[in-house]
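A short write-up of the structure that comes next.
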2 protein chains.
Amino acid sequence: MNARAEIDKEGRISFSITELAEEFGVTSRTIRFYEDKGLVNPAREGTTRIYSRKDRGRLKIILRGRRLGFSLQDIKKMLDMYSPESGGTDQLTFTLQKCEEQLEKLITQRADINEAIAELEDGISQLKGHLASGGADGCKKTIA
Amino acid sequence: MNARAEIDKEGRISFSITELAEEFGVTSRTIRFYEDKGLVNPAREGTTRIYSRKDRGRLKIILRGRRLGFSLQDIKKMLDMYSPESGGTDQLTFTLQKCEEQLEKLITQRADINEAIAELEDGISQLKGHLASGGADGCKKTIA
DNA sequence: ATTGACGTTTACGTAAACGTAAAGTATATT
DNA sequence: AATATACTTTACGTTTACGTAAACGTCAAT
């Protein structure tokens, strides 16, 4: 049994690469790839990667970004935005602007989703109608 | 001047590939590529592609799908779902189920977006706080 | 008749996001 | 000591979604 695994059973404070991979449903290759691209930067114990809670948080954000269809490059920018480690006033201002741009994007995307959802719901209720009214046709609505 | 362009100035009933490309902000190459993949199937006048309103509708859906991060393959399935041309009852039932699955996906995705938006708004207001309170630090909040 | 705008096919090129082997290190259990 | 397990790096392979170039057809205006 591993020392680290012993110490922090619950409320973990550090994680191995495979732990995170399993938790998030990706391969370790993927996580290392993200590191290659500068999206995470775990500590090292010798050569082995040690992921902090913060690293884990970044991973979570990365994967959500991916689900939303953003490129890793965009996601990197987003992450950099979140942590303006060097807080010069103009850096902050810059970050703020980037954040607001990103926010716009997401809002647009939400609108897209809502449209898609509405159409799907519409289609579903029509399908149900067709099934209820029995027959092979009904109103022949396709796509507009 | 082209005959078609003359006839249907407004309320267009058919479109050329470049018209649609410009309208949707993609290249004609992209649209032909979608055809290659079976996502659209415009009529032909000789060898030239003629896009109907329906084709245009499909294109709109395709591009929205893309913005949402779906693969063309997924989008094809979605489109096939919308138009169950051969309406056998079990075909309809199948389509219905697929639609409902898709709906689930989108709802999940909307949740993702809402999370991301919330975090961003939070981050933005914190940034504004830092900027207002002047200094180089403040509360050192980074990512969790 | 030629220029130009628009269309076509065929086919090779490319960037992003990993997959997948190869080959080695480190620790732990049998 | 040997096997198993987890980790590492290096590097080439793969898929998706187009870009881009070549080489040609078609129509309308100059």
Side-chain angles (χ1 to χ4, degrees), chain A residues 1-8 12 14-52 55-56 58-59 61-79, chain B residues 1-7 12 14-52 55 58-59 61-79:
Chain A
M1 212 174 278
N2 182 333
R4 219 172 324 111
E6 190 84 87
I7 294 174
D8 20 86
R12 305 296 287 284
S14 71
F15 313 82
S16 83
I17 193 169
T18 30
E19 279 170 355
L20 290 185
E22 282 171 9
E23 174 175 356
F24 291 121
V26 298
T27 67
S28 357
R29 172 67 177 97
T30 298
I31 298 183
R32 289 193 203 102
F33 183 74
Y34 294 159
E35 184 175 347
D36 249 42
K37 297 298 169 178
L39 300 187
V40 257
N41 234 330
R44 300 276 180 143
E45 188 172 281
T47 114
T48 301
R49 292 165 173 84
I50 308 290
Y51 294 85
S52 67
D55 292 325
R56 184 161 162 273
R58 289 178 76 94
L59 265 185
I61 293 185
I62 293 169
L63 296 172
R64 190 183 57 207
R66 288 251 45 205
R67 284 198 303 276
L68 296 179
F70 291 104
S71 73
L72 293 188
Q73 199 173 299
D74 284 346
I75 294 172
K76 180 172 162 54
K77 285 179 201 159
M78 294 165 57
L79 283 170
Chain B
M1 215 174 276
N2 182 333
R4 220 172 324 112
E6 191 83 88
I7 294 174
R12 306 295 287 285
S14 71
F15 312 83
S16 82
I17 193 169
T18 28
E19 279 170 354
L20 290 186
E22 281 171 8
E23 176 175 356
F24 291 121
V26 298
T27 68
S28 356
R29 172 67 177 100
T30 298
I31 298 184
R32 288 192 204 102
F33 182 74
Y34 293 159
E35 184 176 348
D36 249 41
K37 297 296 169 181
L39 300 187
V40 256
N41 233 331
R44 299 278 181 139
E45 187 172 284
T47 113
T48 300
R49 292 165 172 85
I50 309 290
Y51 295 84
S52 66
D55 292 325
R58 290 178 74 94
L59 265 184
I61 293 184
I62 293 170
L63 296 172
R64 191 183 55 208
R66 289 251 44 205
R67 286 197 302 274
L68 295 178
F70 292 103
S71 74
L72 293 186
Q73 199 172 300
D74 284 346
I75 294 173
K76 181 173 163 52
K77 286 181 202 158
M78 295 165 58
L79 284 169

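Reminder, nothing fancy here: chain letters follow the sequence lines and each chain counts from 1. Keep in mind that the numbers below use all heavy atoms, side chains included, and drop hydrogens, waters and symmetry copies. Treat the numbers as computed from the prediction; the structure is a model and nothing was measured.
Whole-Å rounding puts the B:Lys76 NZ to D:dT16 P distance at 14 Å. Here the P atom of nucleotide D:dA6 and the CZ atom of A:Phe15 are 18 Å apart, to the nearest Å. Here the C1' atom of nucleotide C:dA17 and the CZ atom of A:Arg66 are 7 Å apart, to the nearest Å. Summarising the geometry, the separation between CD1 on A:Ile75 and C1' on C:dA16 is reported as 12 Å, rounded to the nearest angstrom. Straight-line distance from the CG atom of A:Asp74 to the P atom of C:dA16: 11 Å, rounded to whole Å. Summarising the geometry, the separation between CD on A:Gln73 and P on C:dA17 is reported as 8 Å, rounded to the nearest angstrom. When the C1' atom of C:dT20 is taken as reference, atom CG of A:Asp36 falls 16 Å away, rounded to whole Å.
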Could you encode protein contacts along nucleotides 7-13 of chain D as a string, one character per nucleotide from 5' to 3', using B for base contact, S for sugar-phosphate-only contact and - for no contact, with a heavy-atom cut-off of under 4.0 Å?
SBB-B--
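For the atom pair CZ (B:Arg58) and CE (B:Met78), the distance works out to 11.5 Å, reported to the nearest 0.5 Å. For the atom pair B:Phe24 CZ and B:Ile62 CD1, the distance stands at 9.5 Å (nearest 0.5 Å). Between the CD atom in B:Glu23 and the CD atom in B:Glu19 there is a gap of 8.5 Å [rounded to 0.5 Å]. To the nearest 0.5 Å, atoms NZ (B:Lys77) and CD1 (B:Ile75) are separated by 11.5 Å. Of the inter-residue distances, the one linking B:Tyr34 atom OH with B:Leu79 atom CG reads 11.0 Å to the nearest 0.5 angstrom.
At least one side-chain heavy atom of B:Arg66 sits under 4.5 Å from a side-chain heavy atom of B:Leu72.
Taking only side-chain nitrogens and oxygens, A:Tyr34 comes nearer than 4.0 Å to OP1 or OP2 of C:dC18.
Of the residues listed (B:Thr30, B:Thr27, B:Ile50, B:Ile31), the one engaging B:Ile17 in a side chain to side chain contact (heavy atoms under 4.5 Å, CB included) is B:Ile31, and it is the only one.
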Tabulated below should be each protein N or O lying under 3.5 Å from an N or O of nucleotides 3-5 of chain D; please produce it.
none

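Taking only side-chain atoms of A:Phe33, from C-beta outward, the nucleotide of C:dA16, C:dG19, C:dA17 with the closest atom is C:dA17.
For B:Glu35, the side chain to side chain contact (heavy atoms under 4.5 Å, CB included) criterion is met by B:Val40, B:Asn41, B:Pro42, B:Arg44, B:Arg49, B:Tyr51, not counting sequence neighbours.
Closest approach of B:Ala21 to B:Ser28, counting heavy atoms only: CB-N, 3.9 Å.
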